[in-house]
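Below is one structure; the comments refer to it alone.
Bear in mind that the values here come from a model prediction, so they are computed numbers and not experimental data.
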Amino acid sequence: MEQIVGERQDEQRNRRGIEASFNIAVFDKTSVQIAGLLHEDAFLGLCEGEENIVFAVQEDEIQSVLQLTPCVASMRRNPRLKKVKHRINMSDIERVKTNRISVATTKTQYRQKGYMGRLIAGSLEYQQQLKIPFCFVESGNKSFWEHFGFAYIYDRPQYELNKELISQEALKQAVEGKFISLPCSDVVLHVVDHNSVLSLAHFVNANLCQYYGLFIIRSALYFEHFQRELELGGGNLFEIIENGKMKGYFAYTGDACIREAVFADDADRERFLCIKEEKRPAVMARIVNLSEMMRHIAGNGKITVAIKLTDPVLENNNGVFLWYIDENGSRMERVEQQNNDTEASARPEVTTTIGEFTAFIFEYIQLKQNAKFDSIYLSGPVWMNERYYTDGHKD
């Protein structure tokens, strides 16, 4: 109990420090309600989640807001997995706290004043102090978020139904509660019901951890919320069962779009869904607390890389570092430079931005060719397909 109280006091001090340093307000669930933010049309998307944190520019009124929604990510640590003899499951991964920027918007009359920049900088500093390793945002506004050190880490596939197997009529009947036999042997389509959301969460997490180094862990509550949202638009969550075994699931939005799909293997997905368009860049991320992030990156043997990082927001991530990596993890040690002179052992082998480095860590891009990188276990590929859209920045 004393530890919990102490953590809360530290967080309160952290919030007050952020408010003073960036001249912004930091709201939790209670203070968001008191401020009346949830009832303003300009800030559509804010929600009362217990752990959500809202950063706001506030003078005579609330002018600009940014909301962080906490998530728990699954991250792979390969050296440990190399010793695993059984099929990889959720007990073999690491659970890591992260945050999604779920709302970032400014009232029309206050845009182009730099308010959102203050909120982003304040929210990143807040997360760095809380030792959050990285945060992410779903956005198509590449140039804006790059300015704050974000880079793409995930391209979303675009699917549609294989209408030869799954018709609109079949979907309609499934929504009515029927188990629909599809025109292939022993395959049944049905809507996820309240009693099966937990098993759906288990199925999704179990299959994602087989193939992806990073994904956001799903819960039964997640799918309950997701299903209610889809129902409002005429869609739903559908499962495909073959010979009594679940083969996959998809989220149908009601306007002939597949919002999400997870199958036990690619062959099953290709049977029931068709590729509609090329993948689209969808999710951007950036490392926030460098030390915390590096704890989760390991290597095959002992490796040392001299690397120069540039971070446009967080000064702690700027500079030349010696990156020490072994099978237990890694750490970065800053190299002090005087008169631009660095010891030969610490002269940068790689120079990059925090965004590019994030994209490299999550296997979205490759950095400069370096044989040492072949011995680093990266935390990709990524699968991210979160429920709520953010249209990027509105400033």
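Cluster annotation: Ile53 is connected to Val137 through the hydrophobic network of ILVMFWY side chains, with a link wherever side-chain heavy atoms come within less than 4.5 Å. Hydrophobic cluster membership differs between Leu198 and Phe226, with clusters built from Ile, Leu, Val, Met, Phe, Trp and Tyr side chains linked at under 4.5 angstrom. Each of Leu200 and Phe263 belongs to its own hydrophobic cluster when Ile, Leu, Val, Met, Phe, Trp and Tyr are linked at side-chain heavy-atom distances under 4.5 angstrom. Residues Leu208 and Met246 share a single hydrophobic cluster, defined by chaining ILVMFWY side chains whose heavy atoms lie under 4.5 Å apart. Tracing side-chain contacts under 4.5 Å through hydrophobic residues (I, L, V, M, F, W, Y), one never reaches Val187 starting from Phe179; they form parts of separate clusters.
Atom CD of Gln173 and atom OG of Ser167 lie 7.5 Å apart (nearest 0.5 Å). Note that the CD atom of Glu349 and the CG atom of Leu322 stand 9.0 Å from one another [nearest 0.5 Å]. Atom OG1 of residue Thr358 and atom CG of residue Asp311 lie 8.5 Å apart, to the nearest 0.5 angstrom. In this structure, the separation between OG on Ser74 and CD1 on Ile93 is 3.5 Å, given to the nearest 0.5 Å. To the nearest 0.5 Å, atoms CG (Asn52) and OG (Ser102) are separated by 5.5 Å. Put simply, CG on Leu378 and CD1 on Ile297 are 6.5 Å apart, with the number rounded to the nearest 0.5 Å.
For Phe150 and Phe144, the ring centers are positioned 6.0 Å apart or more. Separation of the Tyr126 and Phe55 ring centroids falls under the 6.0 Å cut-off. Between Trp145 and Phe136, the ring center distance fails the sub-6.0 Å criterion. The distance between the ring centers of Phe373 and Phe360 falls below 6.0 angstrom.
Looking at Glu239 and Leu189, their side chains never come closer than 4.5 Å, going by heavy atoms from C-beta outward. Annotation: side chain of Phe357 is in contact with side chain of Ile307 (closest heavy-atom distance under 4.5 Å). The side-chain heavy atoms of Leu309 and Thr353, taken from C-beta on, include no pair separated by under 4.5 Å. Residues Ile376 and Ile303 form a side-chain contact, since some pair of their non-hydrogen atoms from C-beta on lies under 4.5 Å apart. Looking only at side-chain heavy atoms (C-beta outward), Met293 and Met75 come within less than 4.5 Å of each other. At least one side-chain heavy atom of Leu68 sits under 4.5 Å from a side-chain heavy atom of Ile101. A heavy-atom distance below 4.5 Å is found between the side chains of Pro157 and Tyr159. With contacts defined as side-chain heavy-atom distances shorter than 4.5 Å, the pair Ile258/Tyr252 qualifies.
In summary, Lys107 and Glu61 engage in a salt bridge, as defined by a charged side-chain N under 4.0 Å from a carboxylate O. Comment: Glu229 does not engage Arg259 in a salt bridge, judged by the lack of any side-chain N to carboxylate O separation of less than 4.0 angstrom. Ion pairing between a basic and an acidic side chain is recognised when a charged N comes within 4.0 Å of a carboxylate O; Glu138 and Arg156 show such pairing. Taking the charged nitrogens against the carboxylate oxygens, Lys302 and Glu327 have no contact shorter than 4.0 Å, which rules out a salt bridge. Classification of Arg271 and Glu242 as a salt-bridged pair holds, one side-chain N sitting under 4.0 Å from a carboxylate O.
In this structure, Val288 and Ile132 approach most closely via the heavy-atom pair CB-O, 3.4 Å. Of all non-hydrogen atoms in Leu165 and Pro183, the two that sit nearest each other are O-CD, 3.3 Å. The two residues Ala359 and Tyr152 make their nearest non-hydrogen contact at CB-O, 3.6 Å. Val65 approaches Ala56 most closely through the heavy-atom pair CG1-CB, 4.0 Å. Smallest separation of non-hydrogen atoms from Thr105 and Arg111: OG1-NH2, 4.3 Å. Here the shortest heavy-atom pairing between Ala298 and Gly329 reads CB-N, 3.7 Å.
Among residues two or more places apart in sequence or in another chain, the salt bridge (Lys or Arg N to Asp or Glu O under 4.0 Å) test is passed with Glu277 by Arg280.
By the 6.0 Å contact criterion, NZ on Lys372 is enclosed, its count of non-hydrogen atoms from other residues, nucleotides or ligands being greater than 12. No more than 12 heavy-atom neighbours from other residues, nucleotides or ligands sit within 6.0 angstrom of CD on Gln366. Heavy atoms of other residues, nucleotides or ligands lying less than 6.0 angstrom from CD of Glu164 number 12 at most. Annotation for His147: atom NE2 does not count as buried by contact number, only 12 or fewer foreign heavy atoms lying within 6.0 Å.
Checking side-chain atoms of Ser21 against main-chain N and O of Ile18 turns up no donor-acceptor pair under 3.5 Å. Between the side chain of Gln127 and the main chain of Ser123, a donor-acceptor pair closer than 3.5 Å is present. Not a single donor-acceptor pair under 3.5 Å links the side chain of Asn243 to the backbone N or O of Lys245. No donor-acceptor pair under 3.5 Å is formed between the side chain of Glu363 and the backbone N or O of Val382. The backbone N or O of Glu356 sits nowhere less than 3.5 Å from a side-chain atom of Thr352 that would complete a donor-acceptor pair. In this structure, Asn207 contributes its side chain and Phe203 its backbone to a donor-acceptor pair below 3.5 Å.
Using a 3.5 Å distance cut-off with no hydrogens or angles, the side chains of Ser330 and Trp323 do pair a donor with an acceptor. Side chains of Tyr154 and Asn385: no donor on one and acceptor on the other come within 3.5 Å. In this structure, a donor-acceptor pair under 3.5 Å is absent between the side chains of Tyr212 and Arg76.
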(message) Assess the residue pair Glu231 and Arg228 against the criterion (salt bridge (Lys or Arg N to Asp or Glu O under 4.0 Å)); give the C-alpha distance rounded to whole Å, side-chain angles, the decisive distance to 0.1 Å, and a yes or no.
(response) CA-CA 5 Å; Glu231 288 173 340; Arg228 284 198 292 269; over 6 Å; no
(request) Give the C-alpha distance, both sets of side-chain angles, the deciding distance and a yes or no for side-chain contact (heavy atoms from CB on, under 4.5 Å) between Met294 and Ile287. (result) CA-CA 10 Å; Met294 291 303 99; Ile287 293 171; 4.2 Å; yes
(message) Go through it in stages, so that I can follow the logic: the residues are Arg286 and Val313, the test is side-chain contact (heavy atoms from CB on, under 4.5 Å), and I'd like the CA-CA distance, side-chain angles, deciding distance and then a yes or no.
(response) CA-CA 11 Å; Arg286 58 154 291 150; Val313 181; 4.2 Å; yes
(request) Step by step, work out the side-chain contact (heavy atoms from CB on, under 4.5 Å) result for Met284 and Glu146. (result) CA-CA 9 Å; Met284 304 183 76; Glu146 277 186 336; 4.1 Å; yes
(request) Would you please test Val188 and Leu182 for side-chain contact (heavy atoms from CB on, under 4.5 Å) and show each step? (result) CA-CA 6 Å; Val188 174; Leu182 299 181; over 6 Å; no
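For the side chain to side chain donor-acceptor pair (under 3.5 Å) test with Gln128, the passing option among Asn14, Asn289, Asn316 is Asn316; the others fail. The one candidate from Ile216, Val262, Leu214 that meets the side chain to side chain contact (heavy atoms under 4.5 Å, CB included) condition with Trp383 is Val262.
Between Phe223 and Tyr249, the ring planes are perpendicular. Angles over 60° get that label, and only those under 30° would be called parallel. A parallel orientation is assigned to the rings of Phe238 and Phe250, their planes being inclined by less than 30° (bins at 30° and 60°).
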